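Have a look at the structure below before the remarks.
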Protein chains: 2
Amino acid sequence: MAETVRGGESLLFLTDEQVRKGIEAMFFAYRGFTADPDRILEGMDYGRAHHRAIHFIGRGPGGTVNTLLSILGVTKQSLNRVLRTLMEDGLVEARVGRVDRRERHLYLTEKGMMLERQLSEAQRARMRSAYRAAGPQAVAGFRQVLEAMMDPEMRRHYAALKEGAQ
Amino acid sequence: MAETVRGGESLLFLTDEQVRKGIEAMFFAYRGFTADPDRILEGMDYGRAHHRAIHFIGRGPGGTVNTLLSILGVTKQSLNRVLRTLMEDGLVEARVGRVDRRERHLYLTEKGMMLERQLSEAQRARMRSAYRAAGPQAVAGFRQVLEAMMDPEMRRHYAALKEGAQ
DNA sequence: ATTTTATGTCAGCCTTGTTGACTTTCCAAG
DNA sequence: CTTGGAAAGTCAACAAGGCTGACATAAAAT
């Protein structure tokens, strides 16, 4: 096997084998990533779709339905079914826009925040333990690779969330 | 905000905010991760489930149905539906085990390998470009965090694939 | 001879995605 | 003031891909 070197830096990390392992790591890790919230939600009448809606409403309170739609990347019909049950159950509240009254601004209720915290804490526990095991340098790399993997539109959403958070 | 330090090393990377960003990065990146194969498969009669089966059969030719089942983490009924169509379409072949004739050992046919390559190349292109953008150090961290995020059983499967590959 | 294991299959259900068609509300441009 | 179009909601129908339960078969193991 010829080792390709450019500027003294090995490019072995770009071999098909290395890239394949990254793909498989994503697959297996994503299973773990969703496992804990999934466990909490089974038994309740909710699923992963509800979790995602709750997460992003909690993360950006007052966002419109359209914003949420483009973050989640599903159709309005699909999201609507989820939002309807969440509103019926009193977890999410939709307030008519003050400046544009066609828009609905979404908020978690107290009850919604409680579920959000429960789900979020479970997911963060796993993530935090992975972070701790891997260390700060690894975490920085992790975030860099993931960000480079996103579609541009998703990267914009991600960056917007980052700003709001920092 | 109090900065917690232990042994001179900042633990700021373990704050809830940082961990949340990791969670969102996983969410958005996974969308990109699956986008290219999904695009290829739409129009064919296949979906993500077929892709996963094809990937792991291609990765470990001769594996049994049971092995694949535990890698994929679905029920045999669910996998069977996928495998049946793949075999009917001549992409996958099941050979009766020589030592234990109850077992079916799974292989990709030539046709199956062609589709595998097509899907894999699309997915690898994105992953490789992300790797290149982030650099070797980041990639190492990426892999470390993902591995720490897996459930133990998934980590075993992942490690087994690594061995076979190196 | 009996039990267990590996696999396959039928039937039916659920979640969550899709498309298409239609309505209501309401801002904004003419 | 009227009207075009955007935002949102709703209904219906469908598909993929999960799930459980029940049952069948072949072959290995006891």
Side-chain angles (χ1 to χ4, degrees), chain A residues 27 30-31 34-35 37-57 62-89 92-107, chain B residues 27 30-31 34-35 37-57 62-89 92-107:
Chain A
F27 172 73
Y30 200 79
R31 297 262 297 279
T34 56
D38 281 359
R39 252 190 300 276
I40 292 172
L41 288 166
E42 93 178 1
M44 307 191 197
D45 287 353
Y46 303 131
R48 215 176 275 183
H50 301 84
H51 178 199
R52 292 196 284 254
I54 288 174
H55 176 97
F56 286 108
I57 294 172
T64 66
V65 172
N66 248 348
T67 308
L68 190 54
L69 230 36
S70 79
I71 288 175
L72 296 176
V74 298
T75 59
K76 63 174 178 172
Q77 294 90 330
S78 196
L79 176 59
N80 195 256
R81 182 167 38 197
V82 166
L83 282 182
R84 202 189 319 151
T85 68
L86 290 175
M87 293 193 291
E88 280 168 5
D89 297 350
V92 166
E93 196 189 346
R95 299 188 201 149
V96 172
R98 279 168 303 179
V99 37
D100 184 338
R101 294 173 56 201
R102 288 168 303 182
E103 293 178 339
R104 301 298 137 100
H105 298 267
L106 300 170
Y107 298 87
Chain B
F27 172 72
Y30 200 77
R31 295 261 297 279
T34 56
D38 281 359
R39 252 190 300 275
I40 293 172
L41 287 167
E42 92 178 1
M44 306 192 197
D45 287 352
Y46 305 131
R48 213 174 279 183
H50 300 84
H51 178 200
R52 292 195 285 253
I54 287 173
H55 176 97
F56 286 108
I57 294 172
T64 66
V65 173
N66 249 346
T67 308
L68 189 55
L69 230 36
S70 78
I71 288 175
L72 295 176
V74 298
T75 59
K76 63 172 180 172
Q77 293 91 329
S78 198
L79 176 58
N80 196 254
R81 183 168 38 197
V82 167
L83 282 183
R84 204 188 318 154
T85 68
L86 290 176
M87 293 192 292
E88 279 168 7
D89 296 351
V92 167
E93 194 190 346
R95 299 187 202 150
V96 171
R98 278 168 304 180
V99 35
D100 183 338
R101 294 173 55 202
R102 288 171 305 180
E103 293 179 340
R104 302 299 138 98
H105 297 266
L106 301 170
Y107 298 87

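Below, chain A is the first sequence line, B the second, and so on; all start at residue 1. What you are looking at is a predicted structure, and each value in this text was computed from that prediction instead of being measured.
Pairing each heavy atom of A/Gly73 with each of B/Arg31, the nearest pair is CA-NH2, 3.5 Å. Heavy atoms only, all atoms of each residue included: A/His105 and A/Gly62 are closest at ND1-O, 2.8 Å.
Every residue meeting the side-chain hydrogen bond (donor to acceptor under 3.5 Å, both in side chains) condition with B/His55, not counting sequence neighbours, appears here in chain and number order: A/Glu24. Residues meeting the ring pair (Phe, Tyr, Trp, His ring centres under 6.0 Å) test with A/Tyr30, sequence neighbours left out: A/Phe33, B/Tyr30. When the side chain to side chain contact (heavy atoms under 4.5 Å, CB included) test is applied to A/Thr67, the partners found at least two apart in sequence or on another chain are A/Thr64, A/Ile71. Partners of A/Val82 under the side chain to side chain contact (heavy atoms under 4.5 Å, CB included) rule, at least two apart in sequence or in another chain, are A/Ala49, A/His50, A/Ala53, A/Leu86. In this structure, the ring pair (Phe, Tyr, Trp, His ring centres under 6.0 Å) partners of A/Phe56, at least two apart in sequence or on a different chain, are B/Phe27, B/Phe28. In this structure, the side chain to side chain contact (heavy atoms under 4.5 Å, CB included) partners of A/Arg84, at least two apart in sequence or on a different chain, are A/Asn80, A/Glu88.
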Strictly under 3.5 Å: I want the nitrogen or oxygen pairs between protein and nucleotides 22-30 of chain C, one per line.
none

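Taking atom CZ of B/Arg84 as the reference point, atom C1' of C/dT7 lies 12 Å away to the nearest angstrom. For the pair B/Leu79 CG and C/dA6 P, the interatomic distance rounds to 15 Å; values are reported in whole Å.
A nucleotide of DNA chain D counts as in contact with chain B when one of its atoms lies under 4.0 Å from a heavy atom; the first and last such, 5' to 3', are D/dG17 to D/dA28.
Here B/His51 contributes atom NE2 and B/Ile40 contributes atom CD1; the two are 8.0 Å apart, rounded to the nearest 0.5 Å. Rounding to the nearest 0.5 angstrom, the gap separating the CG atom in A/Leu106 from the CD1 atom in A/Ile57 is 4.5 Å.
Within a heavy-atom distance below 4.0 Å of DNA chain C, no residue of residues 44-57 of chain B is found. Of the residues in residues 63-72 of chain B, B/Thr64, B/Val65, B/Asn66 come within less than 4.0 Å of DNA chain C through at least one heavy atom, sorted by number.
Sorted by first then second residue, the salt bridge (Lys or Arg N to Asp or Glu O under 4.0 Å) pairs that include residues 39-52 of chain A, not counting sequence neighbours, are A/Asp36-A/Arg39, A/Asp38-A/Arg48.
A/Asp89 places a side-chain heavy atom less than 4.5 Å from the side chain of A/Tyr46.
Evaluation of atom-type donor-acceptor distances gives no pair under 3.5 Å for the side chain of B/Arg81 against the base of C/dG8.
With the nearest nucleotide of DNA chain D identified for both A/Glu103 and A/Gln77, A/Glu103 has the one nearer the 5' end.
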Pair up each side-chain donor or acceptor in residues 94-101 of chain A with any protein partner under 3.5 Å, not counting sequence neighbours, and list the distances.
unit_1: A/Asp100; atom_1: OD1; unit_2: A/Arg102; atom_2: N; d: 2.9
unit_1: A/Asp100; atom_1: OD1; unit_2: A/Arg102; atom_2: NE; d: 3.1
unit_1: A/Asp100; atom_1: OD2; unit_2: A/Arg102; atom_2: NH2; d: 2.8

